[in-house]
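One structure below.
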Amino acid sequence: MRIISWNIFGIRSAFSAFLSMLESWEPDIVCLQETKIKTVDACFNIVGYHQIWNEADDAAHLGTALFTKSLKQGNTLNDSFKSVYKREHIIVAELESVYVVGVYVPYAGKEQSTRMYRHDWFESFQHIIHQLQAHKPCIICGDFNIVQRDIDAFDNVSIKSTACFTRQEHIDFEHFMQAETLVDVYRYFHPDKQQEGFTYYPFGGEYRINKEGYRIDLFLTSKQLIGKVVDCYPLQEVEGSCNVPLLLDINI
């Protein structure tokens with residue numbers, strides 16, 4: 001099975017790139033973040049794919065979607081997840097043997113209030129993953145808005161005072177990974193690669209051309225699934241967003 005995750009940063013503006021990516025890579029499932037569209041306006045006729053949309057309250061900036069070739073894969077949202085789904089950061093599909101979870105982790109920002117929101121949100125997100133893993137192993141993918149290690153940054157600095165780099169974000173993420181026994185798939189297969197793993201290039205300038213990027217988009221799997229993974233890597237040639245798609249091939 002092939003799964004692709006992409007923070008598309010607005011599906012309208014990146015739609016042609018999205019279609020080209022589907023044609024070139026033929027994924028079975030695609031998880032999108034920051035779709036920036038209301039469900040009523042998401043009238044895209046994409047042959048061969050069933051579509052699930054999570055509209056955000058702030059539809060101009062957020063929202064998630066999932067495209068799947070199988071009608072058996074459906075949304076599993078329910079009322080117990082309302083606090084986390086308030087701004088539609090998560091979308092879940094249930095397969096026969098696993099859950100696929102697409103996520104956009106809130107950006108921490110500059111203010112203490114937004115940083116606390118992210119911290120509290122992440123605790124709720126961990127609770128959801130814990131609930132899901134009690135039933136089936138999980139494949140979790142999306143934009144996590146964190147630079148974990150120095151090798152994940154073009155300037156080799158992963159701890160700063162700015163969002164995506166703060167010590168508290170690192171503490172929260174490391175606790176999540178350890179408590180839920182998850183594996184960072186790309187880093188598992190490519191422990192020493194730096195530029196090849198970048199998934200985000202800032203807007204402006206020539207960051208992408210100069211390979212000045214960061215690795216903030218991830219595939220995480222339950223530990224028992226890592227032996228089924230074939231490979232994981234970003235599609236850095238795909239344009240249309242400041243983030244690039246991240247691909248996972250797995251035998252399930």
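Hydrogens, waters and symmetry mates play no part in the numbers below; they use all other heavy atoms, side chains included. Only a predicted model underlies this, so the values are computations on that prediction, with no experimental measurement involved.
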Q) For the atom pair CG (Asn251) and CG (Leu225), what is the distance rounded to the nearest 0.5 Å? A) 11.5 Å
Q. Can you find a pair of side-chain heavy atoms, one from Ile37 and one from Phe44, that are under 4.5 Å apart?
A. yes
Q. Would you call Asp249 and Met1 a side-chain contact if the rule is heavy atoms closer than 4.5 Å?
A. no
(Q) Run the side chain to side chain contact (heavy atoms under 4.5 Å, CB included) test on Gln194 and Lys211 for me, step by step, so that the C-alpha distance in whole Å, both residues' side-chain angles and the decisive distance to 0.1 Å come before the verdict. (A) CA-CA 10 Å; Gln194 185 174 28; Lys211 300 186 183 300; over 6 Å; no
Q: Could you tell me the separation between the CD1 atom of Ile226 and the OG1 atom of Thr221, rounded to the nearest 0.5 Å?
A: 4.0 Å
Q: Establish, from distance only, whether the side-chain atoms of Glu180 and His130 form a donor-acceptor pair under 3.5 Å.
A: yes
**Q.** Reported NE2-to-OG1 distance for the pair His119 and Thr114, which is rounded to 0.5 angstrom
**A.** 13.5 Å
Q: First locate atom CD1 of Ile52, then atom CD1 of Ile91, and finally report the distance between them rounded to the nearest 0.5 Å.
A: 5.5 Å
**Q.** Expected output: side-chain Glu169 to main-chain Cys164 donor-acceptor under 3.5 Å
**A.** yes
Q. Is the closest side-chain heavy-atom distance between Leu246 and Tyr233 below 4.5 Å?
A. no
**Q.** side-chain contact (heavy atoms from CB on, under 4.5 Å) partner of Leu248, chosen from Ile4, Val185, Asp231, Val100
**A.** Val185
Q) Does CD belonging to Glu237 count more than 12 external heavy atoms closer than 6.0 Å? A) yes
Q) Taking side chain as C-beta onward, heavy atoms only, is Asp184 less than 4.5 Å from Leu218? A) yes
**Q.** Close aromatic pair by centroid cut-off 6.0 Å: Phe219 and Tyr186
**A.** no
Q | Co-membership, hydrophobic cluster, residues Leu247 and Val30, 4.5 Å side-chain | A | yes
Q | Output field: ring centroids Phe67/Trp53 closer than 6.0 Å | A | yes
Q) Which value, rounded to the nearest 0.5 Å, describes the distance between Thr35 atom OG1 and Phe18 atom CZ? A) 10.5 Å
Q. Is there a path of hydrophobic side-chain contacts, each under 4.5 Å between heavy atoms of I, L, V, M, F, W or Y residues, that connects Ile139 with Tyr188?
A. yes
(Q) Quick check on the hydrophobic clustering: are Ile128 and Met177 connected, directly or via other members, by side-chain heavy-atom contacts under 4.5 Å? (A) yes
Q | Separation between CD1 of Ile146 and CZ of Phe173, rounded to the nearest 0.5 Å | A | 6.0 Å
Q | Least distance between heavy atoms, Ser5 atom then Gln33 atom | A | OG-NE2, 3.2 Å
Q | Tyr99 vs His135 side-chain heavy atoms within contact, under 4.5 Å | A | yes
(Q) Please determine whether salt bridge (charged side-chain N to carboxylate O under 4.0 Å, His left out) holds for the pair Asp155 and Lys160, giving the CA-CA distance in whole Å, both sets of side-chain angles, and the decisive distance to 0.1 Å. (A) CA-CA 12 Å; Asp155 57 359; Lys160 302 178 185 178; 3.2 Å; yes
Q. Hey, mind stepping through Lys223 and Leu182 against side chain to side chain contact (heavy atoms under 4.5 Å, CB included) and telling me if it holds?
A. CA-CA 5 Å; Lys223 188 176 181 179; Leu182 299 169; over 6 Å; no
Q.
Tell me whether Lys193 contacts the main-chain N or O of Ile151 through its side chain, where contact means a donor paired with an acceptor under 3.5 Å.
A. no
Q: Assess the side chains of Thr199 and Asn243: does a donor N or O sit below 3.5 Å from an acceptor N or O?
A: no
Q | Minimum-distance pair of heavy atoms, taken over all atoms of Gln51 and Ala42 | A | OE1-O, 4.2 Å
Q.
How close do Arg2 and Trp25 get, counting heavy atoms only, and between which atoms?
A. NH1-O, 3.0 Å
Q.
Looking at every heavy atom in both Tyr49 and Asp28, which two are closest together, and how far apart are they?
A. CE2-O, 4.2 Å
Q: Work out which heavy atom in Ala153 is nearest to a heavy atom in Val147; give both atom names and the distance.
A: CB-CG1, 3.9 Å
Q. Within the distance-only criterion (no hydrogens, no angle test), does the side chain of Gln236 pair as donor or acceptor with the backbone N or O of Glu196 below 3.5 angstrom?
A. yes
Q: Would you please say whether a donor-acceptor pair under 3.5 Å links the side chains of Asp172 and Gln126?
A: no
Q) Taking C-beta and beyond as the side chain, do Ile90 and Asn54 meet within less than 4.5 Å on heavy atoms? A) no
Q | Asn210 side chain vs Glu206 backbone, donor-acceptor pair below 3.5 Å | A | yes
Q) Is a side-chain donor or acceptor of Arg167 paired with a backbone partner of Ser161 at a separation under 3.5 angstrom? A) no
Q.
Using the rule that Ile, Leu, Val, Met, Phe, Trp and Tyr join whenever any side-chain heavy atoms are under 4.5 Å apart, tell me whether Ile216 and Val238 fall into a single cluster.
A. no
Q | Exceeds 12 heavy-atom contacts within 6.0 angstrom, atom CZ of Phe15 | A | yes
Q: On the 0 to 90° scale, with breaks at 30° and 60°, tag the Phe176-Phe122 ring pair as parallel, tilted or perpendicular.
A: perpendicular
Q. Counting heavy atoms not belonging to Tyr207, are there more than 12 under 6.0 Å from its OH?
A. no
Q) In this structure, which one of Asp143, Asp217, Asn145 forms a side-chain hydrogen bond (donor to acceptor under 3.5 Å, both in side chains) with Tyr104? A) Asn145
Q: Would you mind reporting whether Leu95 and Ile29 have side-chain heavy atoms less than 4.5 Å apart?
A: yes
**Q.** Heavy-atom check, side chain of Glu94 versus side chain of Lys136, under 4.5 Å
**A.** yes
**Q.** Donor-acceptor contact present, side-chain Glu34 to main-chain Gly63, <3.5 Å
**A.** no
Q) Is the side chain of Ser24 donor-acceptor paired with the backbone N or O of Met21 at a distance under 3.5 Å, no angle test? A) no
Q. Would Phe198 and Tyr214 count as a close aromatic pair, with their ring centres under 6.0 Å?
A. no
Q. Between Phe144 and Cys141, what is the shortest heavy-atom contact and its length?
A. CE1-C, 4.3 Å
Q.
Checking the side chain of Ser222 only, and the main-chain atoms of Gln224 only, is there a donor and an acceptor separated by less than 3.5 Å?
A. no
(Q) Closer than 3.5 angstrom, by distance alone: can the side chain of Arg118 be matched with the main-chain N or O of Pro106 as a donor-acceptor pair? (A) yes
**Q.** same_hphob_cluster(Leu32, Tyr200) at 4.5 Å side-chain heavy-atom cutoff
**A.** no
Q) Got a donor-acceptor contact below 3.5 angstrom from the His170 side chain to the Thr166 backbone? A) yes
Q: Take Gln148 and Arg215 through the test side chain to side chain contact (heavy atoms under 4.5 Å, CB included) and record every step on the way to the result.
A: CA-CA 8 Å; Gln148 296 178 66; Arg215 191 176 74 95; 3.4 Å; yes
